[in-house]
Amino acid sequence: MELSKNYIPNEVESRWYEHWLGKGYFNSKPDEREAYTVVIPPPNVTGVLHMGHCLNNTIQDILIRRARMHGKNACWVPGTDHASIATEAKVVGMLRERGITKSSLSRDEFLMYAWEWKEKYGGIILQQLKKLGCSLDWDRTSFTMDSDYYKAVIEIFIKLHREGIIYRGLRMVNWDPVSKTALSDEEVIFKDIDSKLYFVSYPLTDGSGSITVATTRPETILGDVAICVNPTDTRYTSLVGKEVIVPIINRKIPVIADEYVDAEFGTGALKITPAHDKNDNELGKKHNLKAINTLDAEGKFTAEELADDTPSEQVLSYNGVDRFVLRKKIVEDIAALNQIQKVEDYKGQVGTSERTGAIIESRLSLQWFMDMKKFIGQHPAIVSSVATDKIKFHPAKLKNTYSYWMDNIKDWCISRQLWWGQQIPAWYDGEGNYVVAATREEAFEQFKSQNEKIKIDEIFQDEDCLDTWFSSWLWPMEVFKGVSSPGNPEFNYYYPTTTLVTGQDIIFFWVARMIMAGYAFKDKQPFADVYFTGMVRDKQGRKMSKQLGNSPDLLGLIDQYGADATRFGILIASPAGNDILFDESALEQGRNFNNKLWNALKLIKMWEGRQTFGVNRESSGVSEVVKSKTHDSRLTTHDFAVTWFGNRLSQVKMEVDEMMGQFRLSEALKTIYSLIWDDFCSWYLEWIKPGFEQPISTSVYQKTVVYFEELMQLLHPFMPFITEEIYHLLQENTDDLCVKQVQAIPSSNKSILGEGELLKKVISALRDARNKNQIKPKDPIKLHIQADTISGYQSIENILMKQVNAESITYTKESIANTIVVAVEKDKFFIETEKQLDSTTLKAELLKDLEHQQKFLESVLKKLSNERFVQNAKPEVIALEQKKQADAQARIKTIEESLKNL
RNA sequence: GGGAGCAUAGCUCAGCUGGUUUAGAGCAUCUGCCUUACAAGCAGAGGGUCCGCGGUUCGAACCCGUGUGCUCCCACCA
């Protein structure tokens with residue numbers, strides 16, 4: 001069969017993915033094996049694959065594939081999140097394009113459109129994961145609004161409400177005026193902004209002057225109910241208890257005193273607007289002040305609550321004006337009254353909505369909350385499991401972040417003024433009473449026990465739905481129906497899951513809450529290890545964003561480089577616990593690696609039909625000169641290469657095992673990459689390679705094929721497609737690499753590994769000497785070796801000759817004149833060449849080396865002559881220093897001799 | 001404002017218990033090669049004040065202190 005010049009991934013990848021699917025390799029059913037369970041962090045149902053997903057899911061696939069090959073029952077559950085705000089916003093946008101406003105639709109009509117949209121676009125992202133090679137058990141695909149899942153969420157709400165953990169209350173919440181919903185604290189992102197500090201004066205009612213207040217939010221002035229100063233602030237002592245007049249609205253408000261006010265800031269006087277600021281609200285409560293709301297749900301002015309003040313024409317003209325326009329307007333209007341003292345530039349922070357980016361309003365509203373302190377208090381393992389590594393975080397530094405958040409946890413606002421999501425199971429009668437129940441019928445029964453006259457169609461359900469995270473926190477349980485069908489065999493087998501792979505950015509949103517849910521509802525941790533990936537940035541370190549246009553088209557990249565190369569590229573650039581700086585050149589490196597593998601395959605395939613049977617006809621592939629030599633080292637030469645690589649392979653397999661155990665995936669991949677490229681291709685294959693059109697011994701050939709297969713098996717979790725392809729092209733294999741079980745690792749022989757390293761060093765040193773002396777690669781040399789023990793070199797003569805293009809090797813006890821001298825450890829090599837040698841350059845080189853060695857020796861001697869070192873250091877450390885000394889002295893002697901030779 | 005982390009080659013990072021030939025890798029750079037698997041390649045090389053300063057120690061990239069510079073998390077001084 002003719003193999004193409006370069007590896008072409010596309011056809012190979014889709015072919016193998018189909019094959020694996022057809023064989024059902026990704027499907028898992030409970031059996032006697034140990035389970036290795038991973039649940040995917042469910043992407044937004046309407047999402048498309050981006051670099052973050054790519055990194056995330058590549059890592060999960062590596063872990064899953066490796067577990068599958070190591071005798072585990074690997075189960076990786078796919079699915080999507082209904083993502084209430086994000087999805088609802090998309091649906092609203094889609095409807096707007098069609099000329100339909102949300103407000104013109106009933107809830108049911110809207111949900112119909114939303115489901116339609118979900119069916120059409122939902123799960124595109126799952127198809128994209130297939131392109132990446134993810135070995136997910138597709139039969140288990142879940143969605144956070146599946147009917148059982150929906151029921152589970154409702155059940156949990158009812159349970160927590162019954163336990164008094166969930167309550168309804170009028171609180172200041174983070175209000176997103178764009179999506180017109182409350183948000184949890186976690187959904188608010190604070191951003192630095194340039195704003196202005198306005199100094200507004202409020203005249204005293206007694207005409208004795210005025211108080212100036214500094215504010216960044218003049219648009220809320222119409223909601224002012226007091227001016228507050230610090231009681232110790234002597235500037236204002238005499239004014240406390242007096243009244244001032246709010247500009248424009250002419251409301252009379254008191255001047256009060258409270259420790260809260262910082263006398264140093266602004267003018268030391270603070271205006272109190274309890275309806276629009278959390279702190280003001282607290283102060284308002286404390287001082288028994290009314291909250292006057294002046295903004296509606298969209299952040300537009302409303303005069304509704306100003307009735308007591310009999311609003312003027314001017315005030316009424318603000319009706320419906322957006323908060324930011326209103327700010328300008330009010331400033332102008334107050335300026336017209338000469339009550340703006342000055343305006344300063346001010347750098348402040350504002351909260352923005354994580355989803356819509358809108359600036360958050362603090363707004364007093366009736367919402368549902370979870371009492372987190374109480375909840376966590378009931379399940380101490382939520383905090384301790386992470387501290388004690390019952391749940392291990394990678395990187396461990398995030399443990400601090402976690403425990404700090406837990407220690408300072410605030411109540412969780414779980415209601416959202418949205419329709420897309422689990423509707424809150426609270427039911428109201430017309431009089432403001434409510435009950436919590438799963439169905440209208442159950443709610444009706446509850447109401448009836450209090451009020452016999454009530455009719456079932458008189459009660460109505462809460463319009464709001466639950467925070468998305470209130471459903472996703474059940475994910476590791478409910479994908480196995482652990483909540484809706486507790487104690488079922490699947491759940492018992494797969495839960496707790498093994499490893500969670502997710503982004504650091506959702507540690508509070510999701511990871512922490514899954515841990516809470518796990519302990520609270522099943523009394524078990526949801527997973528044993530959490531691998532946190534960093535954020536994917538561009539190579540300048542900027543976040544990927546649509547605005548910057550620095551977010552690469554992932555499917556395009558997969559098309560261009562192949563999925564294996566993409567996986568390689570993203571992982572190789574991704575040290576554990578750090579952000580990754582994405583650079584397309586890493587994918588190029590991955591593609592080149594594919595090609596390297598492909599070419600190694602081509603080389604080995606060339607030998608397939610050229611095997612000789614029996615050792616006598618074995619060819620070393622080197623020149624006739626070798627064959628005429630007195631002793632025959634040909635057999636041992638290949639034996640050495642084969643034995644050495646076998647040992648090297650074992651050694652690296654051990655290292656990889658160790659790294660994988662510590663979740664150092666990027667390093668593991670680098671290690672395998674170097675094993676394949678350097679040890680296998682550059683050294684081993686070159687060592688066993690027969691000469692042009694020469695045969696190769698069957699035993700070496702077969703051993704090489706096995707090695708290559710084992711390398712492919714080691715690499716398979718990282719680059720599944722090309723490894724499977726090569727596995728099948730190497731020889732007729734009836735099984736598939738994807739599920740081929742990994743054998744126990746034989747131990748490796750240190751002395752053979754050491755010989756291999758020495759050989760590499762000698763070859764490199766001799767090649768370097770050739771290079772420096774400008775001996776052309778084609779010019780042969782005669783090599784003389786001076787070593788204490790020559791047997792080691794005799795067994796690898798053929799490799800050495802071929803690798804440094806020597807036409808002969810002889811052994812000598814003395815230095816040889818007019819040669820280039822190379823010293824490696826204690827052995828000396830004399831390169832004899834036809835070429836005229838430039839003795840000055842040689843001399844300079846040697847002198848430079850001599851100086852270096854002498855300096856080194858000096859430092860070693862200094863150490864050894866230090867009595868305290870000899871007394872305190874461990875014996876092996878001293879022995880090592882002594883060896884350094886001996887080696888350095890030997891080398892200095894060699895160099896000095898060589899200098900005499902010149 | 002509070003906390004955590006980081007600083008090692010041009011870039012991205014290893015360096016795990018303080019001692020492993022006076023610091024390693026990949027990428028990039030430079031030199032020489034179209035050597036019959038591979039120029040998406042081969043062979044080789046150069047490149048470091050381990051952020052500054054001080055300390056502990058026989059010995060420090062590693063431990064301690066301090067300064068500087070970044071990054072992240074938490075926290076709504078209007």
*Asks:* Please tell me which of the listed nucleotides, B:A78, B:A37, B:C58, lies nearest to the side chain of A:Phe265?
*Replies:*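 Closest nucleotide among those given: B:A78.
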*Asks:* Roughly, in whole Å, what's the span from CD in A:Glu876 to C1' in B:G19?
*Replies:* 10 Å
*Asks:* So for A:Arg591 and B:A40, does any side-chain atom that can act as donor or acceptor lie under 3.5 Å from a complementary atom in the base?
*Replies:*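 Donor-acceptor pair under 3.5 Å: yes.
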*Asks:* Using the C1' atom on both, measure B:U35 against B:G41 and round to a whole Å.
*Replies:* 12 Å
*Asks:* Tell me: CD of A:Glu881 to C1' of B:G19, nearest whole Å?
*Replies:* 7 Å
*Asks:* When we call it a touch if two heavy atoms are under 4.0 Å apart, what does A:Ser666 touch: a base, just sugar-phosphate, or nothing?
*Replies:* nothing
*Asks:* Considering only B:U20, B:U21, B:A37, which nucleotide approaches the side chain of A:Asn599 most closely?
*Replies:* B:A37
*Asks:* Does B:G65 have a Watson-Crick or wobble partner in any strand here, with both distances under 3.5 angstrom, and which is it?
*Replies:*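 Looking at the geometry, B:G65 pairs with B:C53.
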*Asks:* State, with a plain yes or no, whether a side-chain heavy atom of A:Pro231 is found less than 4.5 Å away from one of A:Glu259.
*Replies:* yes
*Asks:* Angle class for the A:Trp683/A:Trp687 ring planes (parallel below 30°, perpendicular above 60°, tilted otherwise)?
*Replies:*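 Geometry flag for A:Trp687 against A:Trp683: tilted rings.
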*Asks:* Between A:Lys883 and A:Asp887, does at least one N-O distance fall below 4.0 Å, as a salt bridge requires?
*Replies:*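 Judged by the 4.0 Å cut-off on N to carboxylate O distance, A:Lys883 and A:Asp887 do form a salt bridge.
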*Asks:* Among the candidates B:A40, B:C76, B:A75, find the nucleotide nearest to the side-chain atoms of A:Asn279.
*Replies:*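 Closest of the options to the side chain of A:Asn279: B:C76.
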*Asks:* When we call it a touch if two heavy atoms are under 4.0 Å apart, what does A:Asp768 touch: a base, just sugar-phosphate, or nothing?
*Replies:*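 Sugar-phosphate only.
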*Asks:* In the strands shown, is B:C11 matched to any nucleotide by a Watson-Crick or G-U wobble pair with both distances under 3.5 Å, and which?
*Replies:* B:G26
*Asks:* Verify whether the ring centers belonging to A:Trp607 and A:Tyr701 lie closer than 6.0 Å.
*Replies:* no
*Asks:* Output the rounded distance in Å from CG (A:Asn805) to P (B:G32).
*Replies:* 20 Å
*Asks:* With ring-ring contact (aromatic ring centres under 6.0 Å, His included) as the criterion, how do A:Phe568 and A:Tyr561 come out once you've worked through the C-alpha distance, each side chain's angles and the decisive distance to 0.1 Å?
*Replies:* CA-CA 10 Å; A:Phe568 178 98; A:Tyr561 294 98; over 10 Å; no
*Asks:* Does the side chain of A:Asn599 pick up a donor-acceptor pair with the side chain of A:Lys602 at under 3.5 Å?
*Replies:*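 Distance-only check passes for A:Asn599 and A:Lys602.
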*Asks:* Identify whether any heavy atom of A:Phe582 sits under 4.0 Å from a base atom; if not, whether one sits that close to sugar-phosphate; answer base, sugar-phosphate or nothing.
*Replies:*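 The answer is nothing, as A:Phe582 stays clear of every strand by at least 4.0 Å.
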*Asks:* Between B:C77, B:U20, B:C33, spot the one nearest the side chain of A:Pro777, thanks.
*Replies:* B:C33
*Asks:* Less than 4.0 angstrom between a side-chain N/O of A:Asn592 and OP1 or OP2 of B:G41, yes or no?
*Replies:*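 True: A:Asn592 side-chain N/O within range (under 4.0 Å) of B:G41 OP1/OP2.
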*Asks:* Does a side-chain N-to-carboxylate-O contact under 4.0 Å join A:Lys286 and A:Asp258?
*Replies:* yes
*Asks:* For B:U71 versus B:U12, give the span between their P atoms, rounded off to a whole number of Å.
*Replies:*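 These two P atoms come out 14 Å apart once rounded.
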*Asks:* I need the CZ-P distance between A:Phe532 and B:A4, as an integer number of Å.
*Replies:*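 These atoms are roughly 19 Å apart.
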*Asks:* Thinking salt bridges, do A:Glu881 and A:Lys863 make one under a 4.0 Å N-O criterion?
*Replies:* yes
*Asks:* In whole angstroms, how far is the C1' atom of B:G26 from the CG atom of A:Leu571?
*Replies:* 14 Å
*Asks:* Which is more 5' along RNA chain B, the nucleotide nearest A:Asn872 or the one nearest A:Glu264? Just name the residue.
*Replies:* A:Asn872
*Asks:* Pairing check on B:G32: which nucleotide meets the Watson-Crick or G-U wobble criteria with it, both distances under 3.5 Å?
*Replies:*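 Looking at the geometry, B:G32 pairs with B:C42.
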*Asks:* Output the rounded distance in Å from CD1 (A:Ile507) to P (B:G3).
*Replies:*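 Between P of B:G3 and CD1 of A:Ile507: 19 Å.
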*Asks:* Output the single nucleotide from B:C76, B:A37, B:C58 whose closest atom is nearest the side chain of A:Asn866.
*Replies:* B:C58
*Asks:* How would you label the contact of A:Ser585 with the nucleic acid (heavy atoms, under 4.0 Å): base, sugar-phosphate, or nothing?
*Replies:*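 Nothing, no nucleic acid heavy atom in range.
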*Asks:* Between B:G15 and B:U56, how far apart are the two P atoms, rounded to whole Å?
*Replies:*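 Approximately 29 Å lies between the P atom of B:G15 and that of B:U56.
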*Asks:* Expressed as a whole number of angstroms, how long is the span from A:Ile781:CD1 to B:U35:P?
*Replies:* 20 Å
*Asks:* Rounded to whole Å, please give me the gap between OH in A:Tyr402 and C1' in B:C72.
*Replies:* 20 Å
*Asks:* When you get a sec, tell me which of B:C77, B:G44, B:U20 is the closest nucleotide to the side chain of A:Arg767?
*Replies:* B:G44
*Asks:* Can you tell me the pairing partner of B:G47 across any strand shown, Watson-Crick or G-U wobble, with both distances under 3.5 angstrom?
*Replies:* none
*Asks:* State which of B:A40, B:C76, B:C42 makes the closest approach to the side chain of A:Trp677.
*Replies:*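 Output: B:C42.
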*Asks:* Categorize A:Val261 for me: base, sugar-phosphate, or nothing, with a 4.0 angstrom heavy-atom threshold over every strand shown.
*Replies:* base
*Asks:* For the base of B:A28, is there a side-chain donor-acceptor partner from A:Gln589 under 3.5 Å away?
*Replies:* no
*Asks:* Roughly how many Å apart are B:G46 and B:G10, using the P atom of each and rounding to a whole number?
*Replies:*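 Taking atom P in both B:G10 and B:G46, they lie 15 Å apart.
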*Asks:* May I ask you to check if A:Lys342 and A:Phe199 form a cation-pi contact, with NZ or CZ under 6.0 angstrom from the six-membered ring centre and within 45° of the axis?
*Replies:*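 Verdict for A:Phe199: a cation-pi partner in A:Lys342.
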*Asks:* Have a look at A:Ser682 and say if it touches a base, only the backbone sugar-phosphate, or nothing, with a 4.0 Å heavy-atom cut-off.
*Replies:*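 The answer is sugar-phosphate, as A:Ser682 gets under 4.0 Å only of primed atoms, P, OP1 or OP2.
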*Asks:* Would you check, one step at a time, whether the test ring-ring contact (aromatic ring centres under 6.0 Å, His included) holds for A:Tyr673 with A:Phe718?
*Replies:* CA-CA 11 Å; A:Tyr673 172 82; A:Phe718 300 88; over 10 Å; no
*Asks:* Is A:Glu361 salt-bridged to A:Arg217, cutoff N-O under 4.0 Å?
*Replies:*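 Judged by the 4.0 Å cut-off on N to carboxylate O distance, A:Glu361 and A:Arg217 do form a salt bridge.
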*Asks:* Sort out the partner of B:U71 for me: Watson-Crick or G-U wobble, both distances under 3.5 Å, none otherwise.
*Replies:* B:A4
*Asks:* Is A:Lys596 side chain donor-acceptor paired with the B:C38 base, going by distance under 3.5 Å alone?
*Replies:* yes
*Asks:* Over all strands shown, is A:Tyr404 touching base, sugar-phosphate only, or nothing at heavy-atom distances under 4.0 angstrom?
*Replies:* sugar-phosphate
*Asks:* Considering every strand and a 4.0 Å limit on heavy-atom distances, what is the contact class for A:Tyr673: base, sugar-phosphate, or nothing?
*Replies:*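 It contacts sugar-phosphate atoms only.
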*Asks:* Tabulate atom names and distances for all N/O pairs under 3.5 angstrom spanning the protein and nucleotides 10-15 of chain B.
*Replies:*
residue: B:A14; atom: O2'; partner: A:Glu667; partner atom: OE1; Å: 3.4

*Asks:* Under 4.0 angstrom, heavy atoms only, what part of the nucleic acid is A:Tyr561 near: base, sugar-phosphate, or nothing?
*Replies:*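 If one applies the 4.0 Å heavy-atom cut-off, A:Tyr561 turns out to touch nothing in the nucleic acid.
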*Asks:* Just compare B:U21, B:A37, B:A40 and give me whichever is closest to any side-chain atom of A:Cys681.
*Replies:*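 My answer, after comparing the listed nucleotides, is B:A37.
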*Asks:* What nucleotide among B:U22, B:C73, B:C76 has an atom nearest to a side-chain atom of A:Thr401?
*Replies:*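 When the side chain of A:Thr401 is considered, B:C73 is the closest of B:U22, B:C73, B:C76.
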*Asks:* How is A:Glu686 classified with respect to the nucleic acid when contacts are heavy atoms under 4.0 Å: base, sugar-phosphate, or nothing?
*Replies:* base
*Asks:* Hey, does A:Lys5 reach any base, or is it just sugar-phosphate, or nothing, if we go heavy atoms under 4.0 Å?
*Replies:* sugar-phosphate
*Asks:* Scan every strand shown for a Watson-Crick or G-U wobble partner of B:G18, both distances under 3.5 Å, and answer none if you come up empty.
*Replies:*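 Paired with no nucleotide.
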*Asks:* Taking the side chain of A:Asp678 as heavy atoms from C-beta outward, which of B:U21, B:G26, B:C76 is closest to it?
*Replies:*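 Taking heavy atoms from C-beta onward, the closest nucleotide is B:G26.
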